[in-house]
Asks: 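My structure is below; once you've seen it, I'll send some questions.
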Amino acid sequence: MEILASLGRTMGFSFAAGINLYATVAILGLASRYGWVALPPQYQVFDNPWVIGGALVLYVVEFVADKIPWVDSVWDAVHSVIRPLGGAAIAVATLGDASPATETVIALFGGALAASTHFSKAGTRVMANASPEPFTNWALSLGEDAFVVALGVLALKHPAAAAIVVLVCLAIIIAFSAWIYRAVRRRFRRQPA
């Protein structure tokens with residue numbers, strides 16, 4: 001049962017890190033620091049005051065940047081490497097003691113989950129920026145923040161449910177990506193040479 005809880009937390013936090021790495025790290029740090037739930041000892045890496053403080057400061061910067069059209073896309077472009085690496089680091093840190101091969105597999109898994117949400121978020125933001133009004137950006141940003149907090153709390157308290165949410169969200173991302181691919185392919189087939 002502990003393996004399922006560990007996997008659920010790893011999936012939930014890595015997936016959330018692709019949307020907002022700093023909120024995810026802050027949630028992990030605060031939960032570990034204040035004992036919101038009983039966590040394995042390896043989570044203590046997040047309860048350093050500098051880690052929590054840095055994550056909270058960067059979260060505030062991201063909170064503002066995400067509300068400004070095109071600034072959010074530049075912020076996302078800069079984080080195209082940072083968020084997947086953060087997801088991988090979170091996955092390895094939450095794993096505990098493991099062999100180098102296991103750590104590598106978990107890092108790739110966590111990085112891939114974070115990359116899936118990061119690129120979905122970044123693509124959605126580029127489409128929203130085509131709209132002349134700023135309200136879409138604000139709504140998307142607030143929705144993303146609420147989702148990250150909700151998934152973080154779910155991963156802490158009910159890791160198996162968090163894993164199910166991640167799997168459902170991944171299925172939606174894959175289905176939407178396939179739909180976009182087919183639409184673009186049809187569009188290019190219709191254009192005269």
Side-chain angles (χ1 to χ4, degrees), residues 1-33 36-55 58-59 62 75-124 144 147-178 181:
M1 192 63 176
E2 186 58 38
I3 292 173
L4 183 59
S6 180
L7 181 62
R9 285 189 179 117
T10 299
M11 289 174 69
F13 289 122
S14 294
F15 194 81
I19 299 169
N20 192 319
L21 175 63
Y22 308 116
T24 303
V25 171
I27 290 167
L28 280 165
L30 292 168
S32 178
R33 175 86 139 170
W36 292 346
V37 293
L39 292 170
Q42 63 263 25
Y43 283 83
Q44 291 176 353
V45 70
F46 297 105
D47 77 6
N48 181 298
W50 288 100
V51 171
I52 296 169
L58 288 168
Y59 170 72
E62 181 158 337
W75 183 264
D76 285 339
V78 169
H79 283 79
S80 289
V81 173
I82 297 170
R83 288 184 187 134
L85 286 176
I90 287 170
V92 170
T94 59
L95 180 64
D97 292 331
S99 70
T102 302
E103 287 181 355
T104 302
V105 169
I106 292 298
L108 291 171
F109 178 66
L113 282 174
S116 73
T117 52
H118 168 70
F119 289 113
S120 296
K121 171 189 176 172
T124 303
E144 291 161 0
F147 178 78
V148 167
V149 170
L151 185 58
V153 170
L154 190 63
L156 287 169
K157 296 191 180 257
H158 306 286
I164 292 168
V165 168
V166 169
L167 292 173
V168 168
C169 288
L170 278 174
I172 292 168
I173 289 170
I174 290 167
F176 186 69
S177 298
Y181 173 76

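Reckoned from all heavy atoms, side chains included, excluding hydrogens, waters and symmetry mates. Throughout, residue positions are numbered sequentially from 1 according to the sequence presented.
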Asks: Not counting sequence neighbours, which residues clear side chain to side chain donor-acceptor pair (under 3.5 Å) with Arg9? List them please.
Replies: none

Asks: Can you see which heavy atom on Ala55 is nearest to which on Ala26, and at what distance?
Replies: CB-N, 3.8 Å

Asks: Which donor-acceptor pairs under 3.5 Å do the side chains of residues 81-91 make with protein atoms, sequence neighbours left out?
Replies:
residue: Arg83; atom: NH1; partner: Asp76; partner atom: OD1; Å: 2.9
residue: Arg83; atom: NH1; partner: His118; partner atom: ND1; Å: 2.9
residue: Arg83; atom: NH2; partner: Glu62; partner atom: OE2; Å: 3.0
residue: Arg83; atom: NH2; partner: Asp76; partner atom: OD1; Å: 3.3

Asks: Could you list the donor-acceptor pairs under 3.5 angstrom formed between side-chain atoms of residues 98-116 and any protein atom two or more places apart in sequence or on another chain?
Replies:
residue: Ser99; atom: OG; partner: Thr102; partner atom: N; Å: 3.2
residue: Ser99; atom: OG; partner: Thr102; partner atom: OG1; Å: 2.9
residue: Thr104; atom: OG1; partner: Pro100; partner atom: O; Å: 2.8
residue: Ser116; atom: OG; partner: Leu113; partner atom: O; Å: 2.7

Asks: Do the non-hydrogen side-chain atoms of Pro49 and Arg33 ever get within less than 4.5 Å of each other?
Replies: yes

Asks: Which residues pass the side chain to side chain donor-acceptor pair (under 3.5 Å) test with Thr94, sequence neighbours left out?
Replies: Thr10

Asks: Could you note down all residue pairs passing salt bridge (charged side-chain N to carboxylate O under 4.0 Å, His left out) where residues 155-164 supplies at least one of them, sequence neighbours left out?
Replies: none

Asks: If the condition is ring-ring contact (aromatic ring centres under 6.0 Å, His included), which residues does Tyr22 pass it with, not counting sequence neighbours?
Replies: His79

Asks: Would you call Ser120 and Phe176 a side-chain contact if the rule is heavy atoms closer than 4.5 Å?
Replies: no

Asks: Atom CZ of Phe15 and atom CG of Leu167: how far apart are they, to the nearest 0.5 Å?
Replies: 9.0 Å

Asks: Output every pair passing side chain to side chain donor-acceptor pair (under 3.5 Å) with a member in residues 161-174, not counting sequence neighbours, ordered by first then second residue.
Replies: none

Asks: Does any part of the side chain of Leu156, heavy atoms only, come nearer than 4.5 Å to the side chain of Phe13, both counted from C-beta?
Replies: yes

Asks: Can you sort out the partners of Val51 under side-chain contact (heavy atoms from CB on, under 4.5 Å), two or more places apart, ordered by chain and number?
Replies: Val25, Asn48

Asks: List the residues meeting side chain to side chain donor-acceptor pair (under 3.5 Å) with Tyr43, not counting sequence neighbours, and say none if there are none.
Replies: none

Asks: With sequence neighbours excluded, tell me which residues meet side-chain contact (heavy atoms from CB on, under 4.5 Å) with Ala77.
Replies: none

Asks: Shortest non-hydrogen contact from Ile19 to Lys121?
Replies: O-NZ, 2.9 Å

Asks: Distance from Leu7 atom CG to Leu95 atom CG, nearest 0.5 Å?
Replies: 10.5 Å

Asks: Among residues at least two apart in sequence or on other chains, which ones pass side-chain contact (heavy atoms from CB on, under 4.5 Å) with Gln42?
Replies: Pro40

Asks: Looking at every heavy atom in both Gly8 and Ala162, which two are closest together, and how far apart are they?
Replies: O-CB, 4.0 Å

Asks: Looking at OH of Tyr181 and CD1 of Ile174, how far apart are the two atoms once the value is rounded to the nearest 0.5 Å?
Replies: 15.5 Å

Asks: So, for Ala17 and Thr24, which heavy atoms are closest and what is the spacing to 0.1 Å?
Replies: N-OG1, 3.5 Å

